[in-house]
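Step one of this worksheet: look at the structure below.
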2 protein chains.
Amino acid sequence: MNVTIKDVAKKAGVSVSTVSLVINKKPAITEETRQRVLQAIEELNYYPRRIAQGLASKRNGNIGFILTDYHFSRAEPFYTKIFLGSEFEARHHNYYLLLTTIQNKFAQSDIPRFLLEKNVDGVILAGKVPTGLIEHISGYGLPTVFVDYTPPKGKYFAVLMDNIDGAKQAVGHLIEKGHRKIAFIGGDISHPSIQSRLEGYRQALMEANLVFNEQLVITSSPNTTDIDGYQSTCALIQNGEPLTAIFAANDAMAFGCNRCLKEKNIRVPDQIALVGFDDVELAIEMEPRLTTIKVNKEDIGAIAVKSLVEMLDTNRKINGKILAPVELIVREST
Amino acid sequence: MNVTIKDVAKKAGVSVSTVSLVINKKPAITEETRQRVLQAIEELNYYPRRIAQGLASKRNGNIGFILTDYHFSRAEPFYTKIFLGSEFEARHHNYYLLLTTIQNKFAQSDIPRFLLEKNVDGVILAGKVPTGLIEHISGYGLPTVFVDYTPPKGKYFAVLMDNIDGAKQAVGHLIEKGHRKIAFIGGDISHPSIQSRLEGYRQALMEANLVFNEQLVITSSPNTTDIDGYQSTCALIQNGEPLTAIFAANDAMAFGCNRCLKEKNIRVPDQIALVGFDDVELAIEMEPRLTTIKVNKEDIGAIAVKSLVEMLDTNRKINGKILAPVELIVREST
DNA sequence: CTGAAAGCGCTAACAA
DNA sequence: TTGTTAGCGCTTTCAG
């Protein structure tokens, strides 16, 4: 019905295996025959059937992409963009991404089908995923890449954003602007990312020979939302400890912070400068527009796929982590 | 290496074809042998390899899901949720969704690979897609479903939300509440959805024997954003035409509307009641919380897949459209 | 109602 | 350097 490798072989006057070798860019083919084959392919508008290649080669050319439905469908399209970057990169390596969402709690019943049906060569896990699932997956022995999350135990390979460096850039920027009394509002300090950002804050101060003043570090809020930023800032101001700048652990908190300052008639950036982290879409809507640390989500996704494909190609697993670079975006709040 | 259909056959003491018949739920199998096979499958923890099934059956069990990257990654997770619903439904029918994003303008180079490689049995197109692509796809003769968009020409099958009914519900609700002077702010009236919502507004008035007052219909804004809602409302108030309620063509406009009313110290809902459309995530954040029309995005996705699967199973295409039901969500603004 | 056997379209030894 | 051929794991006639 459709044009197959046989048709190409016939047209080019060679055997199917020769065509196969050409398709798969194997060496040991004369340039001349290669051209003949290529031309036949072109003329017949031939594309190898994925499924047949897969069955014969025992690789199916699919990568499973798993994330919780919460992460996938929340308003800030963080993971969506990571997926976007992944999908784009996967194309270049001629892989398909099979996206599936899972519940927050692990249930046998929502083990991704592509695992059961052995339909993927490797797996990407984005964001926090239930450990039960992680353990289950490790049973398949598939190359696996974690994105923006590291499992609590075991060996793994993860692509993370460089939180420490981002925080250092943020604080360094403030220092450059002449600020010496810089506060940090952090919220939920149990979160690894927040910890790293605090660490970056600490390092930046140290490298500039500034003292780390505990009075200027607020990590008492339970979460890292707008509200937490608001409350932390209020607490900070109440403290009375003099300060000229605030580094918020993320943009959401920066928004809350800004709201509090506005209420207290403290002008940003004149009286207090403000830096966030994440560069969410709303950062540009804040008044004043928020200086923040940008994380290139598409890049993270691309790196994850690239790493996974490398494991697939070389047929060996990699451990460790890759830190995706982050970037300071200077706007009006500093 | 892995457990195959042969292993199952051997274990159950039957032939592979019998096992195949059982797997595919074909009739003409004794209940007794069926049970034997099922048990063998269970004991061996057997899952048929997708790829092998596909090659043999000439169906690959994949559905292509195409949308523009703009639609996919924007903050309001409308299409994301549609995809979510689709993916979920696809699971039940044992199909995989191959998601790919495309550019807004059609380019030969980003023709989805799954089309070239004949890797999908059908296609779902979500949101507005370039007509060039539509034409290209129709060349494959694959069953196709449009979601939240209807192509400008040709036969098609589309899943749309019931805009007219939604508008009728919204306005009907206001009428029930005793409102008689109800305004409509619409923005870009060239958009089919907006047109339908205006039509629903008109019908609701008519059915309640209320006059359609052109002074109360503002469709002069170029878009349908927050800003447009703001401007339209200001214009409306300036008009001087008495009114007690406003139906905004979407939530974004309702937000702008609310902002304008707040500035003019007009209390919602006491002085003017307000209804939106879409039930975006922010609707619940508005002050007062916005009464609006909810569109169940997951349902839309599910309907699309269900329809497509039906075409696939019965092997014939359907034309026409399905209107997904919408629902009035009463909150504080009315 | 069940089994034998011929492919699906391709890859990958192995030969030549 | 290229061709022959045996599968990959399953579905699907066709017999029986």
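Residue numbers begin at 1 in each chain, while the letters A, B, ... track the order of the sequences.
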* Structure fact -> Among the nucleotides D/dT12, C/dC10, D/dG9, whichever has the atom closest to the side chain of B/T4 is D/dG9
* **B/V14, nearest nucleotide to its side chain (from C/dG3, C/dC1, C/dC10)** => C/dG3
* Mind calculating the distance between CG (B/L21) and P (C/dA4) to the nearest angstrom? => 13 Å
Name the atoms and distances for all side-chain donor-acceptor pairs under 3.5 Å in residues 132-145 of chain A, with sequence neighbours left out.
| residue | atom | partner | partner atom | Å |
| --- | --- | --- | --- | --- |
| A/H136 | NE2 | A/Y140 | OH | 3.0 |
| A/S138 | OG | A/E135 | O | 2.9 |
| A/T144 | OG1 | A/L142 | O | 2.9 |

* So, for A/G54 and B/I51, which heavy atoms are closest and what is the spacing to 0.1 Å? -> CA-CD1, 3.5 Å
* To do: Find the bend of the helix from C/dC1-D/dG16 to C/dA16-D/dT1 as the angle between its two terminal axes (five pairs each), to the nearest 10°.
  => 30°
* Asked: In whole Å, what is the span from the CD atom of A/Q35 to the P atom of D/dT1?
  -> 16 Å
Would you be so kind as to tabulate the donor-acceptor pairs closer than 3.5 Å made by side chains of residues 77-88 of chain B, with sequence neighbours excluded?
| residue | atom | partner | partner atom | Å |
| --- | --- | --- | --- | --- |
| B/Y79 | OH | B/D148 | OD2 | 2.8 |
| B/K81 | NZ | B/E281 | OE2 | 2.9 |
| B/S86 | OG | B/I82 | O | 3.1 |
| B/S86 | OG | B/G301 | O | 3.1 |
| B/E87 | OE1 | B/R91 | NE | 3.0 |
| B/E87 | OE1 | B/R91 | NH2 | 2.7 |
| B/E87 | OE2 | A/T100 | OG1 | 3.3 |

* Asked: Do A/V123 and A/L115 touch side chain to side chain, with heavy atoms closer than 4.5 Å?
  -> yes
* For A/K118, does the NZ atom have more than 12 heavy-atom neighbours from other residues, nucleotides or ligands under 6.0 Å away? -> yes
* Nearest-Å distance, CD (A/E32) to P (D/dT1)? -> 13 Å
* Kindly indicate whether the side chain of B/L98, heavy atoms from C-beta on, has any atom under 4.5 Å from the side chain of B/R113. => no
* Specify the separation, in whole Å, of atom OH of B/Y47 and atom C1' of D/dC10. => 18 Å
Distance-only criterion, 3.5 Å: show the donor-acceptor pairs between side-chain atoms of residues 34-41 of chain A and protein atoms not counting sequence neighbours.
| residue | atom | partner | partner atom | Å |
| --- | --- | --- | --- | --- |
| A/R34 | NE | A/E31 | OE1 | 3.1 |
| A/R34 | NH2 | A/E31 | OE2 | 3.4 |
| A/Q35 | NE2 | A/E31 | OE2 | 2.8 |
| A/R36 | NE | A/A12 | O | 2.9 |
| A/R36 | NH1 | A/E32 | OE2 | 2.9 |
| A/R36 | NH2 | A/A12 | O | 3.4 |
| A/Q39 | NE2 | A/E43 | OE2 | 2.9 |

I'd like a table of atom pairs between the protein and nucleotides 5-8 of chain C - only N or O on both sides, under 3.5 Å - with the distance next to each one.
| residue | atom | partner | partner atom | Å |
| --- | --- | --- | --- | --- |
| C/dC8 | O3' | B/K58 | NZ | 3.4 |
| C/dC8 | O2 | B/L55 | O | 3.4 |
| C/dC8 | O2 | B/A56 | N | 3.2 |

* Got a sec: does the CZ of B/F106 have more than 12 other heavy atoms crowding it under 6.0 Å? -> yes
* Asked: What is the distance, rounded to the nearest whole Å, between atom CZ of B/R50 and atom C1' of D/dG9?
  -> 14 Å
* Asked: So, do A/F65 and A/V305 sit near enough that their side-chain heavy atoms are less than 4.5 Å apart?
  -> no
Using a cut-off of under 3.5 Å, enumerate the N/O to N/O pairs linking the protein to nucleotides 14-16 of chain C.
none

